Amino acid sequence: MSSAVGNDSRLGPSRELRQGKAAIRQDGPPKGGYPKVTYKGNFPVRGPGATAILATTGAVMAWGFYKVVVGNKQRRADKEEKKLARRNIVPVLQAEEDARYLARKAQLDKVEGEIMANVPGWKVGASVYHSKRFEQNV
């Protein structure tokens, strides 16, 4: 085992230890110890704190949700207005279609009368189906 030789073990920088026959000189800490190591960085605060970031994020999200709600209400109102307009225009469109149908039916009856003029017992415009149900033949 090694033992301190010459110097008191409480004395710092150099202690001689004997190992076998040769003396070994070993460095130790300086008197008063080493200076403190600053491991904590002294960095300046950069940017907003976590609370400010969280508050800003919450405000932006609240504004976004508000805009979504307003947009949904507007889209719903536009959709309802479109349905109402279509509902109100249906009678006009139906009247136009009825007029077109009657004009086309008169034209087809005229052509049918010319084609079937030589067939005895043929009634122009009469249904060729034996049913009471209305059949549109256009």
Side-chain angles (χ1 to χ4, degrees):
M1 293 239 120
S2 59
S3 64
V5 176
N7 293 337
D8 190 356
S9 63
R10 288 177 283 152
L11 300 175
S14 60
R15 288 182 264 168
E16 290 182 10
L17 301 175
R18 241 185 232 287
Q19 189 163 5
K21 294 181 182 178
I24 300 173
R25 190 170 169 95
Q26 179 178 354
D27 285 339
K31 285 187 180 180
Y34 289 108
K36 288 187 175 183
V37 177
T38 55
Y39 58 89
K40 186 176 179 185
N42 188 13
F43 301 111
V45 176
R46 298 178 60 108
T51 306
I53 292 173
L54 185 63
T56 304
T57 303
V60 168
M61 287 178 61
W63 178 78
F65 283 127
Y66 168 75
K67 293 302 276 182
V68 166
V69 168
V70 168
N72 286 344
K73 286 181 181 178
Q74 182 63 44
R75 190 170 55 247
R76 195 175 304 122
D78 290 345
K79 200 175 190 181
E80 189 61 35
E81 182 181 355
K82 193 174 191 179
K83 281 182 187 179
L84 184 64
R86 286 181 178 176
R87 213 174 317 147
N88 290 336
I89 201 169
V90 164
V92 174
L93 295 176
Q94 187 63 51
E96 285 180 1
E97 178 59 25
D98 291 346
R100 188 204 63 79
Y101 172 75
L102 291 174
R104 179 72 176 150
K105 184 162 176 16
Q107 182 185 10
L108 289 176
D109 286 347
K110 182 181 173 190
V111 171
E112 182 184 351
E114 291 172 1
I115 293 173
M116 302 301 280
N118 298 332
V119 177
W122 184 263
K123 295 178 186 172
V124 175
S127 178
V128 294
Y129 304 107
H130 302 294
S131 130
K132 301 264 187 220
R133 200 172 108 188
F134 175 74
E135 299 286 340
Q136 190 174 12
N137 55 353
V138 173

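One-based numbering along the sequence shown. The model shown is predicted, which means the values in this text are computed figures rather than measured ones.
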Inset, instruction - Taking the side chain as every heavy atom from C-beta outward, state whether L93 and E97 have any atom pair closer than 4.5 Å. - result: no
Inset, instruction - Report yes if some heavy atom in the side chain of K83 is under 4.5 Å from a heavy atom in the side chain of R87; otherwise report no. - result: yes
Inset, instruction - Compare all side-chain heavy atoms of M116 with those of V119 and state whether any distance is below 4.5 angstrom. - result: yes
Legend entry - Nearest heavy atoms of Y34 and G28, plus distance in Å: OH-O, 4.0 Å
Legend entry - Distance (rounded to the nearest 0.5 Å) between R76 CZ and Q74 CD: 11.0 Å
Legend entry - Over 12 non-hydrogen atoms of neighbours within 6.0 angstrom of CD1 in I89: no
Legend entry - Where V124 and D109 come nearest, the two heavy atoms and their spacing: CG1-O, 3.2 Å
Legend entry - Side-chain touch R100/E96, heavy atoms, less than 4.5 angstrom: no
Inset, instruction - State whether K82 and D78 are salt-bridged, where the test is any N-O pair (Lys NZ or Arg NE/NH1/NH2 against Asp/Glu carboxylate O) under 4.0 Å. - result: no
Inset, instruction - State whether the side chain of T38 and the backbone N or O of K40 hold a donor-acceptor pair below 3.5 Å, judged by distance alone. - result: no
Legend entry - Euclidean distance, E81 CD relative to R86 CZ, rounded to 0.5 Å: 12.0 Å
